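Accompanying notes for the structure given below.
Quick caveat, the model's predicted, so the values are computed rather than measured.
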Amino acid sequence: MFNLILIHGMGRTPLSMLYLQHRLRQLGHTPHLFGYSPTLESLQAVTDRLVQLIQTNIGSQPYALLGHSLGTVIIRNAYPQLSSHPPATCFFLAPPMVACQAAKSFSKVGLYRLLTGEMGQLLAQNSFIEQLTLPPHTKIYVGTGGPRASWLPFGKELNDGILSVAEASGGHKVVTVPTIHTFIMNSTPVFEDIAQSLDALA
């Protein structure tokens, strides 16, 4: 059985991970919720707290990291600091693997800048995203339930409503699921695949 640290996405709170936490706990795992505020905290401050949580609460026990959207960026930023005891595996749900168009567009909007702080701006920077480490043994889940039409921002391209499949995959192998960005953590196919992956590692 594994300790799992669940990290929510931008604009969400740890409450968004409660259902997934419940499902994982029913399997006998020990899921921990990790919260942060992009409005009030810098990326490095959040990263340092995550590393401290792992060192304090996990110690030498095996663990896995699971992030949704911006949560995956925090994991990638923290990974170099976890070299003495790295996660056995990571699960990325709808990750921005490149500087996505949505972040680039909204980064110019005052309210977005106010609410998302430094992290919201970093998501729009190719140089920042490209220098992040992708942990080995990472599984990526990408939604395909977003609307598609020639007059919409993504046109006919597969997307989850926020990210296109190309933006969320970054050219890596992914598992696609028919869901949208905001609720991918509640997807049954995602949960079942995570459960199977953890069983294979046990």
Side-chain angles (χ1 to χ4, degrees), residues 1-41 43 45-58 61-79 82 87-97 100 102 115-117 119-120 123 132 134-135 137-146 160-163 168 174-199 201:
M1 297 294 104
F2 281 88
N3 285 279
L4 293 104
I5 299 176
L6 313 184
I7 308 173
H8 62 86
M10 182 180 288
R12 308 301 301 278
T13 72
L15 294 177
S16 67
M17 292 292 198
L18 280 179
Y19 184 45
L20 180 56
Q21 180 190 42
H22 170 71
R23 292 170 121 179
L24 291 167
R25 187 175 285 143
Q26 284 190 314
L27 295 179
H29 300 292
T30 305
H32 308 263
L33 300 179
F34 179 81
Y36 64 93
S37 169
T39 307
L40 303 174
E41 297 180 275
L43 175 61
V46 174
T47 298
D48 291 343
R49 283 203 300 109
L50 175 61
V51 172
Q52 184 61 47
L53 172 70
I54 293 168
Q55 293 172 343
T56 302
N57 291 12
I58 307 299
Q61 301 174 69
Y63 71 100
L65 298 175
L66 186 154
H68 171 229
S69 196
L70 179 58
T72 69
V73 174
I74 295 168
I75 291 172
R76 294 178 68 187
N77 197 57
Y79 186 76
L82 301 172
T89 189
C90 294
F91 301 103
F92 283 7
L93 281 56
M97 295 298 290
C100 61
L115 294 177
T116 64
M119 287 185 262
L123 287 179
L132 292 171
L134 179 64
H137 315 298
T138 294
K139 201 153 195 184
I140 299 174
Y141 302 89
V142 176
T144 59
D160 66 6
I162 300 293
L163 299 172
V174 301
V175 177
T176 57
V177 288
T179 188
I180 61 173
H181 189 91
T182 306
F183 300 112
I184 191 170
M185 74 289 293
N186 297 329
S187 164
T188 294
V190 168
F191 165 71
E192 291 176 344
D193 194 79
I194 290 172
Q196 291 174 7
S197 297
L198 293 172
D199 282 345
L201 289 170

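- Here the side chains of Arg76 and Pro135 are in contact, with some heavy-atom distance below 4.5 Å.
- Using a 4.5 Å heavy-atom cutoff, the side chains of Leu66 and Leu93 are in contact.
- Counting only heavy atoms from C-beta outward, the side chains of Leu33 and Leu18 approach each other to under 4.5 Å.
- Contact detail for Tyr63 and Leu82: the closest heavy-atom pair is OH-CD1, 3.8 Å.
- Within the 4.5 Å cutoff, the side chain of Met17 has no heavy atoms near those of the Phe34 side chain.
- For the pair Met97 and Leu134, the minimum side-chain heavy-atom distance is below 4.5 Å.
- Rounding to the nearest 0.5 Å gives a distance of 8.5 Å between CG of Leu20 and CE of Met185.
- Put simply, CG on Leu27 and NE2 on His22 are 10.0 Å apart, with the number rounded to the nearest 0.5 Å.
- The nearest pair of heavy atoms linking Pro38 to Leu70 is CB-CD2, 4.5 Å.
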Criterion side-chain contact (heavy atoms from CB on, under 4.5 Å) on His181 and His68, from CA distance to verdict: CA-CA 9 Å; His181 189 91; His68 171 229; 3.8 Å; yes
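- In terms of modelled atom types and a separation under 3.5 Å, the side chain of Ser69 and the main chain of Pro95 share no donor-acceptor contact.
- Taking CD1 from Ile7 and OG from Ser16, the interatomic distance works out to 11.5 Å, rounded to the nearest 0.5 Å.
- To the nearest 0.5 Å, atoms CD1 (Ile5) and CG (Leu50) are separated by 5.5 Å.
- Here the closest non-hydrogen pair linking Ala64 and Phe2 is N-CD2, 4.5 Å.
- In this structure, the side chains of Ser187 and Tyr141 stay at 4.5 Å or more apart for every pair of heavy atoms.
- In this pair, Tyr36 and His8 present their aromatic rings parallel. The plane angle is below 30°, not in the 30 to 60° band.
- Between Thr89 and Leu201, the shortest heavy-atom distance links the atoms CG2-CD1, 3.6 Å.
- Residue Ile180 comes nearest to Gly145 through the heavy atom pair CG2-O, 3.5 Å, listed as atom of the first residue, atom of the second, then distance.
- In this structure a side-chain-to-backbone donor-acceptor pair under 3.5 Å is present from Arg49 to Gly35.
- In this structure, Gln61 contributes its side chain and Ile58 its backbone to a donor-acceptor pair below 3.5 Å.
- In this structure, the side chains of Leu24 and Leu6 come closer than 4.5 Å at one or more pairs of heavy atoms.
- Between the Gln52 side chain and the Asp48 main chain, no donor and acceptor come within less than 3.5 Å of each other.
- Rounding to the nearest 0.5 angstrom, the gap separating the CG atom in Asn3 from the CG atom in Leu65 is 10.5 Å.
- Here the CD1 atom belonging to Ile74 is positioned 6.5 Å from the OG1 atom belonging to Thr47, to the nearest 0.5 angstrom.
- Between Thr179 and Asn186 there is no side-chain heavy-atom pair separated by less than 4.5 Å.
- Minimum heavy-atom separation, Thr182 to Arg12: O-NH1, 2.7 Å.
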